[in-house]
Structures are given as structure tokens and as C-alpha cells.
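Single-structure report; data block below.
Both backbone and side-chain heavy atoms feed into the values below; hydrogens, waters and symmetry mates do not.
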Amino acid sequence: MSWPKAVQDIIDEFQDIEDQFERLEVLMDFSEEVDELPVSEWNENNLVKGCQSIAHVVVVVNDGIVHMKSAADAKMVQGLQGILSIAVNGSTIQQVLDLTPDFAEEAGILNSLTPSRSNGFRTMFDMIQREVREAI
Amino acid sequence: MSWPKAVQDIIDEFQDIEDQFERLEVLMDFSEEVDELPVSEWNENNLVKGCQSIAHVVVVVNDGIVHMKSAADAKMVQGLQGILSIAVNGSTIQQVLDLTPDFAEEAGILNSLTPSRSNGFRTMFDMIQREVREAI
Amino acid sequence: MGDSMKHDFPIFSRLINGRPLVYLDNAATTQKPSCVIDAMSHYYSSSNANVHRAVHTLAGEATEGYERCRTLLKQMFNSNYAVITSGTTEAINLVSHAWGSHNLKAGDVVVLTEMEHHSDIVPWQMLAEKTAIELRYVPVENGELDMDAFEVALVGAKLVCMVHTSNVLGIRNPVEEVISKSHSAGARVLLDAAQAVPHESINFHELGADFMAFSAHKMCGPTGIGALLVSDEAFSEMEPFMGGGDMIETVTLEGSTYQTNEHRFEAGTPRIAEGFGWAAALEWLSSVDLESHHERLLKIANRVADQLREKGMTVYSSLRPGDAAVVSFTHPTIHPEDFARLLDAQGIAVRTGHHCAQPLMQKLGISGTIRASFYLYNDDQDADIFLSGIDRVLEAMA
Amino acid sequence: MGDSMKHDFPIFSRLINGRPLVYLDNAATTQKPSCVIDAMSHYYSSSNANVHRAVHTLAGEATEGYERCRTLLKQMFNSNYAVITSGTTEAINLVSHAWGSHNLKAGDVVVLTEMEHHSDIVPWQMLAEKTAIELRYVPVENGELDMDAFEVALVGAKLVCMVHTSNVLGIRNPVEEVISKSHSAGARVLLDAAQAVPHESINFHELGADFMAFSAHKMCGPTGIGALLVSDEAFSEMEPFMGGGDMIETVTLEGSTYQTNEHRFEAGTPRIAEGFGWAAALEWLSSVDLESHHERLLKIANRVADQLREKGMTVYSSLRPGDAAVVSFTHPTIHPEDFARLLDAQGIAVRTGHHCAQPLMQKLGISGTIRASFYLYNDDQDADIFLSGIDRVLEAMA
Ligand SMILES: Cc1ncc(COP(=O)(O)O)c(C=O)c1O
Ligand SMILES: Cc1ncc(COP(=O)(O)O)c(C=O)c1O
């Protein structure tokens, strides 16, 4: 499968890292890409279920262009949200629907996480696609 | 410990046997030494408790001389009773009280039996000593 | 065929009383191939950690390996739910507590059979004492379930508990018919598949039973682990049994909420190494053609049974197609324990006694049998050694 | 000291993310010495058979090895009864069913504490639902049991259930005082000794508790096995829990009678290989000077705790003499799971979360801690690596 350039760049960045600690640092660096969802907007609807950390995700579609806002109490989860933000922000609905969560696997991000967090990643991904689908 | 000659003979006879099958055959041969307790005399009192086979033991002391009668449904248990018969029949009360069941260990008889049967042997031995003691 | 397989099982290099081991006590427990033994050693030597809520590498590996056992069970037996227990017995007790206590009330009927293993009798007798349910036992006639009596017993029953394949006789009950009739009558069905699963491939979903219990140790897996497969409907009717770590969602001083998947019934640190071992056994079994081995073993068992009859023994197993290769017999005069001990002296392992099925023994009018049970690694040569071992015993006792 | 001991444990040749393993998750489960791993492999490779009623050589060896585990337990802990279970959790559930159901009635009081592991809370909550017993929780103040509150709670109590040594805080409760006051008040005492037994030698008979539960896997033994020690008086008050093979004396269609010794509470094929493994672990532990290791580890834990405080962490363990070397801490801003994952990247295994003690977490006002727990094979170097690992995390997150 060929990925959009932004996603491919993420894969490339991770694939070069040998050291697990560094990989986690890079992951956490992605937290800076998050467009933060203010605490006042956190609710049951945008809560990521089944994630042991607290995490919220909201997707807005404006003129067919997708944008995600999010927040989490753990830096690594924020990092995952940052990566998802890069993958979806500014994309069209179709581009988002064409994505699969496998890119994170390919980058080796999920292996370096606990099972509950890699599940959390998939859950967030699914939430995004669901909301985008609903926006059609 | 030094054993009475009849007992030492039993130990010697078993100690020479290498093959387990032969050892069991020799054990069963001792069943011929049993003075059989007729079924009509079997009762709860002379039943050997905790033995998975059916076994009965009766001890009679006449003029200070011990004699045992017994019966069992399994040939190997009869063999054990035969060995006990040799060990106690014709002995004095004191000679019987001086015995310990270790001679069967020393002969390697108990190792070749199942745990429930080597327990059964000890139980029969204890029954004999108890009855002899009561006859004093 | 059997012989080359023996190379996979380190125990067969063992000598017993100077003779190569001929192991015919497989209905009690089976031997383990190297891959199973190694899987557990390897777990302890390189991935040992407690499972679930894993934040470190070892805990992740332990969790994955343990849950893989569950995944394999679900795949191999086609079940949506596989609760891991310590064995068949705990699995049946789990049903009696987690399902029985909550779905059966005074006067409700549970149907059992006279050929049940104690593990499928005593839990129900205990429940009957607590809640006054009625137990009905389907009689055994000529070594077979009386299916007419079964239909009578079924009237008004809520649950039918039946041994799929008998550990004493090897007989395979007509479970398909039992399940369809029970369901028509509105009863759930529990199968004790301890002896079935090692011998035939079972598609739990297609078969349609509600509960199916079995043990790893009878199918080349480790001791201390087994499973209860549960149908979706029955699963939704079960309440937690034992309480503790891992089965909870939240605990407060006021009360607790529980997990909704199989973990709901698995309290405490699970059988982790055992899960690794069983997974290896399940994979090893998948590589074996159970059906053709089964036919081969049944043929051997029939030959053995015929010879035993010729030698004057009474054989209780009928060994028809589908039955397990279990030969239960007695000699008119030789005590079973003497018999078995003289076989052991020749390196041959068989079992004697009531085989945890005293009611069946009472029905057969005997106190016990000698049982020779065959499994994958057994071959014609084992049968020959067994038969000449029998001859030697008969000579010695003549 | 610790270092040379590591040679006995094959897992320490393992690299985690390129670094030698520093295993500080011992309160969850301990690592296993070669002798334990080998004892199980050896059993499976040369003596594997089902136990009890043994008529062949392998079955005799299996029975002897399995029962030897029980004998060792009785000797090491000075107890007349050692019931073998699948672990601490099953042992406590056994008490709640086999003793609790038969000796407690509506309105009877069971005293628990706020620092219990879920395994010593949920079984009692379940029993309370069934029989309307009253549960009273002794509060924890400043990381310690409130003993004044304990005396109040004790009034009219029939049973006191208490963790001997906390798996979260490492604190050792004043069990001697608790037992003598409970007995004076006419209450039986159950000790959850899962964390205690690995750290101190306990003379069960002298200590005077009625029940004591623990798991093999937390004391260098295998998974899937544990024990319940029972006093003579309490033993006579227990009724069978699970039904099945091995725990019966006779079974008829009308009803069954049960064994009178520990087998009464052990239904089904037991944990045979696990018994061999645990016996090896018990012998290995007997060769170790637990007390001096304990002092050494507590010193290490105190040094670690001091350093963590200096680095800005909140430490919840007080680590006084007698406490176990368990350091529970949090960082003001770094999420525990991030913290643990960054330690894991450096080969350091710790645990995070509620440690199956949610009520204690609620009392402490936190959702979880990071827990570093030390055991026999840990040494000063492990502590140094852990502390510099912490520094690297703090730098990375700065
Ligand atoms: C204090 C305490 N009690 C009970 C348990 C439960 O032990 P297991 O999971 O082995 O049944 C544990 C361990 O998790 C513990 O630390
Ligand atoms: C038919 C049957 N049911 C139940 C059991 C009990 O299995 P386990 O002892 O592994 O719990 C056995 C084996 O002994 C069996 O053969």
C-alpha cells in the first residue's frame, strides 16, 4: 500500500530509529502537533473508550476538509494523537476514509506501546473515520 | 539391627532378586505360608482398614506363643500376610514386640508395592503388635 | 507410525524396571511432546511475568502468549467464549456455580447419566443439597445409554450433563441426538469432553452444546489448566463465581463491577506458563491427523480386546466406530491390582480401580477394572508387548 | 550477593531493548531459578502420570513428588493442614465457600481493611450478597492500619481477613496483635500472606492464624499453584467446596461421602508438575537466608525511596523494619504508564496502576502508582540502574 506523503514521512522517521527509548521520545515529540481540545469541551461522546489513560478526540469537517482536536493525560497518547493529526488534518473525507491504521504498525509505533495503548490508537482511528463518515 | 533368623532369611531371599517381576512372584509364593482365616470368621474387627484390597488378620496367643491367621482377596496381600506369618508364628510375645516393620523395607518388598499396599503392610503389622500387647 | 512419534516424547527414553515404557494409562493423563515441555521452560527462562495491564516487555510477552492459548482454543473448537480453568473438574464446578446457582431453583431437573465421571456428578449433588434441584440419572444398559429412558428423564429438565466419551468404556454417546432433543425440550447441555477432545475434532458451535469442559493434560498439554467453552446464550446467563484480581472492572468498599468477557470467570493470577504449554500442545495436535490415528488406535484396541477375551478376560468396552481406544477388563480370579503390578514389573503402565465412576461400577456389578487406554504414540508393538505381558502374568498366576 | 544469585535464574541472561534485564516487578511475580524450571521439565520428561490410586511406577513417582510439595509446606510453615489451590485467590475463595458459607449467617460481621488486595475483598462482597453478612473495613491512615478503628470494628466479628504485608505499600501489618485481639473477641483470622511468605519465615502454628493463603509464583515457584494453611479447629469447620475426582470417598447416585484430609478440598487432577516445581522452589528458598536478604533489600529500597523523593517524586511506602522492599511512587506530572514505558525502554521492569487495590488508591486519592519491588536476586547495581533510568526519563520529559 502506498501512503500519503505526510504519513510516509512519519513511517520513515520511525523506521530509522534503532533505540526504543529514542522511538518513544520521538513519539512524544509528536504531541506538539496536537490541536488541543480544551477541557471545557471534554465529554462522554468524545472520550476514547477502553483506553486506560484519559483521552478525548473531536473531528470537524469544514468544506470537506478534516480537522481533529484532541487531548490526553499521557504524553505518549498525545504523541499518538499528534501522529493522527498529521495523518488527517487538511485531508479530504475520502483521503481519511482511504487510510488504515496499519501505517502505525508499519512504522513500528504500536510494537513499542502497551497493548492497551495500541488498542487505544486503533480506537481513536476508528472514532475519526466514524465521525468523518457521519459528516458525509 | 539384627533380625530373628526366619526374618533374616526372608530379607536374604529378596535381596538377591534383581528382577521386579521375579520379586513379585516370590512375594506371591509366600501366600502359601498363610494359615487361612475362614470367611465365616471375617468381621469388622479383624478387617484391615485403609487397605484397598479386602484383608483380614487375627492373632491368637496360646501359652505365650503367637499365631496368626489371615486372608485377603489379592495374592500379593496374601504374600505379605505369609511373610508376617513366618515372622510371628511360633514367636514369643516379646519377640513379636521387638520386631519392627523395617525388615520389609530392608528386603525391598515395600518399594515394589503400591503406596496403599505398603501402608496396608504397616497396618497389618500394627494390628498384630496391638493384639499381642492386649494378650499380655 | 506410533513409533516415530515416540521420538517427540522424551519420556519414552525412560526404562521402567529395566524395560522400555509401554504407556497405556492415557485416559488418566497423556504424555507431553518436547515442544510442550520446551514452551514452558522457555517461558520461565525468558518471558516470565504477570499478565494483563502490562507496561513492561516481559509482561507484554506473557500476556500475549497466555491469551494466544485462548485464541487457539476459540479457533480450534469454533467457540466465541473459552474460559480458562484449572481443568475439567473446575470447569464443571464453574457451571454449577456461575450458571446453575443462578438459573436453577428448587424442583428444577438436571439430567445426568450413570456413566458420568465423579466430576460431573458431585458438583450437581452439592448444588442439589443447596437448592433442592432434582437429579435424574439416565441408566446404562449393556454398556450404552438407554436413550428411551433419556427421553423420559428429559421431560421438564433445565439442564442435561453428559460425558461425551466415557473414560471407563471408551463409548462415545450420541451427543448430537442428545443436544437436539435437549434443546427441543428447552434444556441446556453440558458436555464433559475430557476424553472426547483428545480423540476427535469438535466444532463446538456446530455441535450446538451450551457448555463443554475439558483438560489440557489429557491432550498432550500441561497439568493445572483446562477450559470451559460456552455458547453465547449460556454465557449471558452466567454470573461470576470466584472473586479477586483480574476479573473485576472496579472495586469500591460498597461493591464491585466485573469484566464482561471470559476474564469475568478467571480470578487471580492465571495459569500463565500452563497457557504457553497448552498453546504448544494445541498447535502440535493440529499437525496430527486425529481421525486416522483414531481409526488406527481403535483397530489396535479391538485386536487387544479380542485377545483378552480369548485369554479368559471379561471386556467391558464395546469399541465401536467413534469410541475411544479404551479397553476395560477384569480377570475372573486375579485381583486387578496384582495384575497391574505384574504388568508394571514389565514396564507396562495401566490403571485399575473405579476410574472415578463408582456409579457405573455399581451398575456393572464390579468394584473396578483394569484399563488399558491407547493414544497417538501407541502402536501395534505396544499392543504386542502388552499382550505378551498379559500372558506372562497369567502363567505366573496359574 | 544479588549478582551471583542471578546466575541461578536463566532469565537474567535476557536482554530487554538491548539492555540487561533489571526486574523490579517482583510483587507481581518473581523469577524462577533453574532448579524449579528443571524440576518441572524433568517431571514431564520422566515421571509424568496422574496421581493417587497409583498402580504403576510413573504414577507412584508422580504421587510421591506431588505430595512431597505438601509435606514441605507443612514442615516449612509448621502447619498440620496444607490445602493445595491454584493460588492465593482460589485459597481465599475456598475459605469464603468452604468455611464462610457454613459458619456465617445474615448479620454476622467480617472485618476487612482498606488495604486489601481485590482477592481479599471481592469474595467477601460476593458472600455478603448471598448471605447478608456485614463487611467492616478498617481504615488506613498515613499508610497504616488504624488499630483503634480495628478494635471498634472487631466487636461482634466472626472473621477478620487481613493482608499480612501490603503489595502496594510493602507495609507489614501488626498481625500478631491482630490475631490475639481477634481470638480474644472470638473471631477467626485469615491472613493474605501472598507478599509475606516470600519475605519472612512464618511459623503458622505459633503465629496462631486460622487460615493463611499464598501463591507459589510470588516465591520463585511456578504459576497455577498456591496453598491454604488451616488450623486444626478451622479445618474441622470446613465443608467441601468443589466436587469431583480425588476429593470423594464414595459416590453413589443417592449421594457421596468425602475424604477427611486435605484432598477433601482438592477436586480433580491436581497441579502435579506445579507441585514438583514448587517443591523445588521451597527447597531452594530454604537454602537462602531470607532475613538477611530482607534487611539488605529494605536498605536498598530505602535508598531508592530517598532518592526518588529528592528527584521530586511522591513516595507512598514507609519502608520500616519488617516491611517488604516495595517502593510505590508517583511523579507530579508524568503519567505512570509513560514513566514505566520509558524505563522499559532501558530494560527496567516496573508495574503501574492500582495493583488490584482500588480502595487503597481511592483512600490515597490517586488512580495508581509506579511500583518498584525488589527481591532476593536484586542488588545495589539494579537500584543504581533504576535510579539513572529515572534520571533519563526526567530529562526526556523535561
Ligand atoms: C497481597 C496479595 N494478595 C493476593 C494476591 C493474589 O494472588 P494470586 O493472583 O496469585 O491469586 C496478590 C498478588 O497479586 C497479592 O499481592
Ligand atoms: C470423562 C472425564 N471427566 C472428567 C475428568 C476430570 O478431569 P480433571 O481431573 O482433569 O479435572 C476426567 C479425567 O479424570 C474424565 O476422564
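Comparing C:Asp246, C:Val36, C:Thr89, C:Val251 by how many heavy-atom pairs each has under 4.5 Å with chain D, the most go to C:Val251. Contact count versus chain C (heavy atoms, under 4.5 Å) is highest, among D:Ser34, D:Gly268, D:Ser96, D:Ala128, for D:Gly268. Between chain C and the residues D:Ala340, D:Ala349, D:Ser215, the most heavy-atom pairs under 4.5 angstrom are made by D:Ala349. Chain D forms the most heavy-atom pairs under 4.5 Å with one residue out of C:Asn93, C:Ile92, C:Ile121, and that residue is C:Asn93. Heavy-atom pairs under 4.5 Å with chain D peak, among C:His117, C:Glu114, C:His354, at C:His354. With chain C as partner, the option from D:Ile348, D:Ile37, D:Thr30 having the largest number of non-hydrogen pairs under 4.5 angstrom is D:Ile37. Most heavy-atom pairs under 4.5 Å with chain D, from the set C:Cys356, C:Ala267, C:Ala345: that is C:Ala267. Counting heavy-atom pairs closer than 4.5 Å to chain C, the top residue among D:Pro336, D:Gly255, D:Ala273, D:Gly226 is D:Gly255. Each of C:Trp124, C:Tyr23, C:Phe9, C:Tyr43 has some count of heavy-atom pairs under 4.5 Å with chain D, and the biggest count is that of C:Tyr23. The most heavy-atom pairs under 4.5 Å with chain C, out of D:Glu239, D:Glu337, D:Glu90, come from D:Glu90. Note: D:Ser46 leads D:Ser46, D:Gly87, D:Pro123 in heavy-atom pairs under 4.5 Å with chain C. In terms of non-hydrogen atom pairs under 4.5 Å with chain D, the most contact-rich of C:Ala62, C:Gly244, C:Pro10 is C:Gly244.
Taking OG1 of D:Thr269 as the start and NZ of C:Lys218 as the end, the distance is 5.0 Å to the nearest 0.5 Å. Note that CD1 of C:Ile16 is 5.0 Å distant from OG1 of D:Thr57, once rounded to the nearest 0.5 Å. Annotation: the span from D:Leu253 atom CG to C:Arg136 atom CZ amounts to 14.5 Å, rounded to 0.5 Å. Atom CG in C:Asn26 sits 11.5 Å away from atom CG in D:Asn50 (nearest 0.5 Å). Here the OG-CD distance, from D:Ser256 to C:Glu129, works out to 9.0 Å after rounding to the nearest 0.5 Å. Atom CD in D:Gln362 sits 6.0 Å away from atom OG1 in C:Thr252 (nearest 0.5 Å).
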Test C:His118 against D:Met247 for side-chain contact (heavy atoms from CB on, under 4.5 Å), laying out the working first. CA-CA 10 Å; C:His118 294 162; D:Met247 55 73 76; over 6 Å; no
Derivation and outcome, side-chain hydrogen bond (donor to acceptor under 3.5 Å, both in side chains), residues C:Thr223 and D:Glu274: CA-CA 8 Å; C:Thr223 59; D:Glu274 291 86 340; 2.6 Å; yes
For D:Ser86 and C:Ser86, what are the C-alpha separation, side-chain angles and deciding distance, and is it a side-chain hydrogen bond (donor to acceptor under 3.5 Å, both in side chains)? CA-CA 7 Å; D:Ser86 65; C:Ser86 63; 5.8 Å; no
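Closest heavy-atom contact between D:Arg271 and C:Gly224: CG-CA, 4.1 Å. In terms of heavy-atom proximity, C:Ala59 sits nearest to D:Arg351 at CB-NH2, 3.6 Å. For the pair D:Gly245 and C:Ser119, the tightest heavy-atom approach, listed with the atom from each and the gap, is N-OG, 3.2 Å.
The contact between C:Asn17 and chain D is made entirely by side chain atoms (from C-beta outward), counting heavy-atom distances below 4.5 Å. Neither the backbone nor the side chain of D:Asp38 comes within less than 4.5 Å of any heavy atom in chain C. For a residue to count as touching a neighbouring chain, one of its non-hydrogen atoms must lie under 4.5 Å from one of that chain's; by this rule C:Met242 touches chain D with backbone and side chain alike. For C:Asp25, the part sitting under 4.5 Å from any heavy atom of chain D is the side chain, from C-beta outward, and nothing else. Both the backbone and the side chain of C:Thr250 have a heavy atom closer than 4.5 Å to some heavy atom of chain D. Proximity to chain D (any heavy atom under 4.5 Å) is restricted, for C:Arg14, to the side chain, taken from C-beta onward. With a threshold of 4.5 angstrom between heavy atoms, D:Leu21 approaches chain C through side-chain atoms but not through N, CA, C or O. Proximity to chain D (any heavy atom under 4.5 Å) is shown, for C:Met361, by neither the backbone nor the side chain. Contacts of C:Glu254 with chain D are made by backbone atoms alone, with heavy-atom separations under 4.5 Å and no side-chain atom involved. At a 4.5 Å heavy-atom cutoff, the contact between C:Ile272 and chain D is made by backbone and side-chain atoms alike. In this structure, the portions of D:Ser47 lying under 4.5 Å from any heavy atom of chain C include both its backbone and its side chain. If you measure heavy-atom distances from C:Phe12 to chain D, you find no contacts under 4.5 Å at all. No part of C:His355 comes within reach of chain D, as not one of its non-hydrogen atoms sits under 4.5 angstrom from that chain. C:Gln31 touches chain D through backbone and side chain together, each having a heavy atom under 4.5 Å away. For C:Glu266, no part lies near chain D; criterion is any non-hydrogen pair under 4.5 Å.
Within 6.0 Å of atom NE2 in C:His52, more than 12 heavy atoms from other residues, nucleotides or ligands are found, so the atom counts as buried in its surroundings.
Contact of the D:Ile11 side chain with the C:Leu58 side chain is registered, since non-hydrogen atoms from C-beta on lie closer than 4.5 Å. In this structure, the side chains of C:Val122 and D:Ile248 come closer than 4.5 Å at one or more pairs of heavy atoms. The side-chain heavy atoms of D:Val55 and C:Phe339, taken from C-beta on, include no pair separated by under 4.5 Å. Counting heavy atoms from C-beta on, the side chains of D:Pro222 and C:Tyr44 come closer than 4.5 Å. Within the 4.5 Å cutoff, no side-chain heavy atoms of D:Arg341 are placed close to those of C:His56.
Aromatic ring pairs are classed by plane angle as parallel below 30°, tilted from 30° to 60° and perpendicular above 60°; the pair C:Phe241 and D:Phe241 is tilted.
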